[in-house]
Amino acid sequence: MILVTGATGNIGSKVLRRLSEAGVETRALSRDPRRGETPPHVDWVQADLSDPATLPPAFEGVDRLFLLTGNVRSMTQLQKNAIDEAVAAGVDQVVKLSARGAQPASKSAIARWHHEVEIHLKASGLSWTMLRPHVFMQNLLDQAGRVRREGTIRAAAGDGRIPFIDTRDITNVAATVLTDPVEEHASQTHLLTGGVALDYNQVASLLGTVTDQEVSYVAESLGEARTRLRTKDLPDWLIDSKLALAEYQRAGGDTARVTHDVFDVTGRPPRSLIQFAYDHRRVFTEHDVASAAGGAVPVA
Ligand SMILES: NC(=O)c1ccc[n+]([C@@H]2O[C@H](COP(=O)([O-])OP(=O)(O)OC[C@H]3O[C@@H](n4cnc5c(N)ncnc54)[C@H](OP(=O)(O)O)[C@@H]3O)[C@@H](O)[C@H]2O)c1
């Protein structure tokens, strides 16, 4: 039995589908299971990682745990609660969705929080595997409206190159690790990137090719990006984390490094950004498709 947290989200929902296709008995955890799909072999359980009293029924009989929560202020506590319950329930393996930059001294709070959870998991005595993805290609869907309206994308990454990864590849890695023998990935950290690092000028050019229009990159200063992000009503810690990431991307170096981990785990090369753009072409070109999808389109 595999327990999937974050099961209503971008990655967890796709992990569910992959496990279902593989015929694996899977339990999906959500605070509101009515929001989720129920493919074959999947059962939903209602639980809240912020409330440990709700967790024992969700973890009963579970062999493996996929651990993910969104970027919320309480992320470390939510995930530590899940790890502690996994210990109590005798779970064999925890696969944690972390982040590329998970380091104790990161300027990004999100990266520091992921690191803190990783340390807690390593100290738990459970068998662990960390998945550390780089920036999701799907983040570009947030810019689809701007692409349609004015033929631009905006970022504060300067001309830094980023090995964007398609969340479908992260999903395939997660499903593989969760169904391979536990010892094959035990105590391993997989750094997940796309196959090539691109700067935003190159991203704009590819989006222009796919959408048959001129798309240009508006390179923002960090201050301009902060002003734009403030209009979205985001908390300061999240804005600060996004801008810290942009600073790393501007500086280049290790953040542009491409890894082979997607291929090594799944036997398939990661999807390219041009393939991602074609698969989501209608979101970048048709207003109705984008509105219905709410900006996050789970194209299979
Ligand atoms: N975007 C990027 O470029 C990027 C890059 C690297 C790493 N990451 C990491 O990826 C993760 C986000 O993945 P995603 O986009 O798939 O997430 P998402 O779509 O935002 O989904 C978040 C999930 O967390 C669950 N959740 C939140 N609070 C919960 C609680 N108290 N109890 C139980 N479940 C709770 C939600 O479930 P319910 O609401 O149904 O309860 C939901 O399914 C973050 O950790 C982020 O740091 C992102």
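Side chains are part of it too, since the values below use all heavy atoms of this structure and drop only hydrogens, waters and symmetry mates. Start at 1 and go down the list; that is how both ligands and their atoms are numbered.
Listed by atom number, the atoms of ligand 1 under 4.0 Å from S30 heavy atoms are 38 (P), 40 (O), 41 (O). In summary, the atoms of ligand 1 found under 4.0 Å from a heavy atom of H134, numbered by their order in the structure, are 5 (C), 6 (C). Here is the list of ligand 1 atoms found below 4.0 Å of a heavy atom in L49: 30 (C), 31 (N), 32 (N), 33 (C). Near P133, meaning under 4.0 Å from one of its heavy atoms, ligand 1 places the atoms 6 (C), 7 (C). Of all atoms in ligand 1, numbered sequentially from 1 with element shown, those under 4.0 Å from a heavy atom of T8 are 36 (C), 37 (O), 38 (P), 39 (O), 40 (O), 42 (C), 43 (O). The contact set between ligand 1 and A7, taken as ligand atoms under 4.0 Å from a residue heavy atom, comprises 43 (O). Atoms of ligand 1 found under 4.0 Å from any heavy atom of I11, numbered from 1 in the order shown, are 16 (O).
Considering backbone and side-chain atoms alike, Q79 places every N or O at 3.5 Å or more from each N or O of ligand 1. By the 3.5 Å distance cut-off applied to N or O atoms, N139 is counted among the residues near ligand 1. Ligand 1 has a nitrogen or oxygen under 3.5 angstrom from a nitrogen or oxygen of F136. Checking only distances, L78 never comes within under 3.5 Å of ligand 1, N or O to N or O.
Between the side chains of Q46 and D32, no donor N or O sits under 3.5 Å from an acceptor N or O. In the model, E85 has no side-chain atom that pairs as donor or acceptor with a side-chain atom of N81 under 3.5 Å. Checking T69 against Q79 by side-chain atom types alone, a donor-acceptor pair falls below 3.5 Å.
For atom 31 (N) of ligand 1, the nearest non-hydrogen atom from the set I110, T5, D48 comes from D48. By heavy-atom distance, the residue among L29, N10, L68 lying nearest atom 13 (O) of ligand 1 is L68.
Side-chain atoms of N139 and F164, non-hydrogen and from C-beta on, never get closer than 4.5 Å to each other. With contacts defined as side-chain heavy-atom distances shorter than 4.5 Å, the pair D84/H120 qualifies.
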Apply salt bridge (charged side-chain N to carboxylate O under 4.0 Å, His left out) to the pair R281 and D212, showing each step before the final yes or no.
CA-CA 10 Å; R281 186 170 190 268; D212 289 324; 3.1 Å; yes
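Ion pairing between a basic and an acidic side chain is recognised when a charged N comes within 4.0 Å of a carboxylate O; D254 and R100 show such pairing. Between E224 and R154 there is no salt bridge, since no side-chain nitrogen of the basic residue lies less than 4.0 Å from a carboxylate oxygen of the acidic one. A salt bridge does not link D169 to K14: none of the charged side-chain nitrogens sits closer than 4.0 Å to a carboxylate oxygen. The pair E21-R18 meets the salt-bridge criterion, with a side-chain N (NZ, NE, NH1 or NH2) lying under 4.0 Å from an Asp/Glu carboxylate O.
Taking atom 11 (C) of ligand 1 as the reference point, the nearest protein heavy-atom neighbour is T69 O, 3.7 Å. In this structure, the protein non-hydrogen atom closest to atom 9 (C) of ligand 1 is L97 CD1, 3.8 Å. Among protein heavy atoms, atom 26 (N) of ligand 1 sits closest to R31 NH2, 3.8 Å. Of all protein heavy atoms, the one lying nearest to atom 7 (C) of ligand 1 is S98 O, 3.4 Å. The single protein non-hydrogen atom nearest to atom 47 (O) of ligand 1 is N71 OD1, 2.6 Å, given as residue, atom name and distance. For atom 23 (C) of ligand 1, the nearest protein heavy atom (residue, atom name, distance) is G6 CA, 3.7 Å. The nearest heavy-atom contact from the protein to atom 21 (O) of ligand 1 is G9 CA, 3.5 Å. Considering only non-hydrogen protein atoms, atom 24 (O) of ligand 1 sits nearest to G70 N, 3.2 Å.
More than 12 heavy atoms of other shown residues, nucleotides or ligands fall within 6.0 angstrom of atom CZ in R228. Atom CD of Q188 has more than 12 heavy atoms from other residues, nucleotides or ligands within 6.0 Å. Within a 6.0 Å radius of CG in D159, other residues, nucleotides and ligands contribute 12 heavy atoms or fewer.
Neither the backbone nor the side chain of V72 comes within 4.0 Å of ligand 1, counting heavy atoms alone. Contacts of R100 with ligand 1, taken as heavy-atom pairs under 4.0 Å, are absent altogether. Residue-level proximity to ligand 1 for H114 is carried by the side chain, the only part with a heavy atom below 4.0 angstrom.
Taking the centre of each ring, H280 and F276 come in below the 6.0 Å mark.
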